[in-house]
Amino acid sequence: MRIATWNVNSIKQRLDHLVTWLRETQPDIVCLQETKCQDEAFPRLEIEAAGYNVAFHGQKTFNGVAVLSRYPFDQVTMGLPGDDTDDHARFLEAVVSTSEGVIRVASIYLPNGNPAGTEKYPYKLRWMERLASYAAERLTLEEPLVLAGDYNVIPDARDAANPEAWVDDALFLPDTRERFRALIDLGLTEAVRATTDEAGLYSFWDYQAGAWQKNKGIRIDHLLLSPQAADRLTATGIDKHMRGREKPSDHVPVWAELAIAAR
DNA sequence: ATGCCAATGCTACATTGA
């Protein structure tokens, strides 16, 4: 089974690309971020017509997450626990049933945190701590669990074409990377790094300054796997070609293949 | 040091993103 994550930067602007990509790559479960769409306007019918169940959690203008699944949803939960005052639509957890049991998946849109000198950065760090608390709790279930999304974290210098350009950025600051490491250290496996040590693998290229043409990318979209999911990891990939299409998202899909039979 | 580009909401330009 293939599980993918993709920050689409507006579901409405990217609907044609999304449906084409679903047909081409046949993922079983997809976590989307930055849908930028209120729930009543979500293009549910078009996605259902492509063969997917869909759960979404959006808001006006910004943020917004969704999960698409070829499997039926047993359970859908919106919002990351730990702060009732946080009204950003950045987290959606779904439990799906397969012939080999349940899989728990969360679509994550972790706060950017820039500029780092403002209240945006402590919000990011607190959000990461809430995510770690959630992950620690879920890991006790000993289920296949996939936390997939736009983490807004460059884990390592080899994950940026020009790491020097990011040293003061909220995506690469030591506190950011430490908290990402702490999350991994709970017992999660970062799927792409579990399958390759290659440098030069990116999931985002800025629209500005010819970043795509110069391949000045960063790798910030990740899939974190519980031990029960990591044990079944067989392959990962980054659908880089999607960045070269007309009117692309600035992010591309990242996916992991798990040895769990499709229906 | 700043704008570069793209999207939203709105219909001028501010805000957000990374």
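Lettering of chains follows the sequences in order, A, B, ..., and the numbering in each one begins at 1. Predicted model, so just to flag it, every value in this text is computed and none were measured.
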Does a side-chain N or O of [X] approach OP1 or OP2 of [N] to a distance below 4.0 Å, or not?
{"X": "Arg243(A)", "N": "dA6(B)", "answer": "no"}
{"X": "Lys12(A)", "N": "dA7(B)", "answer": "no"}
{"X": "His251(A)", "N": "dG17(B)", "answer": "no"}
{"X": "Asn63(A)", "N": "dT16(B)", "answer": "no"}
{"X": "Tyr109(A)", "N": "dA18(B)", "answer": "yes"}
{"X": "Ser10(A)", "N": "dA6(B)", "answer": "no"}

* Residue whose nearest DNA chain B nucleotide is more 5′ - Asn152(A) or Lys247(A) ->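 Looking at the nearest nucleotide for each, Lys247(A) comes out on the 5' side.
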* Find which nucleotide of DNA chain B each of Gln13(A) and Ile218(A) is nearest to by heavy atoms, and output the residue with the more 5' nucleotide. =>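 Closer to the 5' end of DNA chain B: Gln13(A).
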* Asked: Which residue, Asn152(A), Asp169(A), Asp168(A), forms the side chain to side chain donor-acceptor pair (under 3.5 Å) with Asn114(A)?
  -> Asp169(A)
* Pairwise P distance, dT2(B) and dC13(B) [rounded to whole Å] ->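 These two P atoms come out 22 Å apart once rounded.
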* Asked: On a whole-Å scale, what distance lies between the C1' atoms belonging to dA1(B) and dT11(B)?
  -> 32 Å
* **Spacing of Asp221(A) atom CG and Leu110(A) atom CG [to the nearest 0.5 Å]** => 11.0 Å
* Structure fact -> Value for CG (Leu188(A)) from CG (Leu139(A)), rounded to nearest 0.5 Å, stands at 5.0 Å
* **Verdict with reasoning, Leu223(A) to Ile3(A), per side chain to side chain contact (heavy atoms under 4.5 Å, CB included)** => CA-CA 9 Å; Leu223(A) 299 103; Ile3(A) 302 182; 4.2 Å; yes
* Asked: With under 30° as parallel and over 60° as perpendicular, where do the rings of Tyr151(A) and Phe180(A) fit, or are they tilted in between?
  ->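 The rings of Tyr151(A) and Phe180(A) stand perpendicular, inter-plane angle above 60°.
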* Look at the rings of Phe56(A) and Phe42(A) and say which category their plane angle falls in: under 30° parallel, 30 to 60° tilted, over 60° perpendicular. =>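 Plane angle under 30°, so parallel.
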Between [N] ([atom2]) and [X] ([atom1]): distance, integer Å:
{"X": "Asn9(A)", "N": "dT8(B)", "atom1": "CG", "atom2": "P", "result": "8 Å"}
{"X": "Phe204(A)", "N": "dA7(B)", "atom1": "CZ", "atom2": "C1'", "result": "13 Å"}
{"X": "His222(A)", "N": "dA18(B)", "atom1": "NE2", "atom2": "C1'", "result": "13 Å"}
{"X": "Lys120(A)", "N": "dA18(B)", "atom1": "NZ", "atom2": "P", "result": "11 Å"}
{"X": "Asp169(A)", "N": "dT2(B)", "atom1": "CG", "atom2": "P", "result": "15 Å"}
{"X": "Leu110(A)", "N": "dA18(B)", "atom1": "CG", "atom2": "C1'", "result": "13 Å"}

* With the 4.5 Å side-chain cut-off for hydrophobic clustering, are Met128(A) and Trp166(A) part of the same group? ->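 Each belongs to a different hydrophobic cluster.
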* To do: Kindly say whether, by distance alone, the side chain of Asn112(A) makes a donor-acceptor pair under 3.5 Å with the base of dA18(B)?
  =>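 Checked by distance alone, the answer is yes.
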* Asked: By a strict heavy-atom criterion of less than 4.0 Å, which residues belonging to residues 207-216 of chain A are in contact with DNA chain B?
  -> Tyr207(A), Gln208(A), Ala209(A)
* **Residue pairs passing the ring pair (Phe, Tyr, Trp, His ring centres under 6.0 Å) test where at least one lies in residues 227-255 of chain A, sequence neighbours excluded** =>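 Checked against ring pair (Phe, Tyr, Trp, His ring centres under 6.0 Å) - neighbours excluded - the pairs reaching residues 227-255 of chain A are Phe204(A)-His251(A).
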* Asked: Asp221(A) near the nucleic acid: base, sugar-phosphate alone, or nothing, with a heavy-atom cut-off under 4.0 Å?
  ->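 Asp221(A): no heavy atom of the nucleic acid under 4.0 Å.
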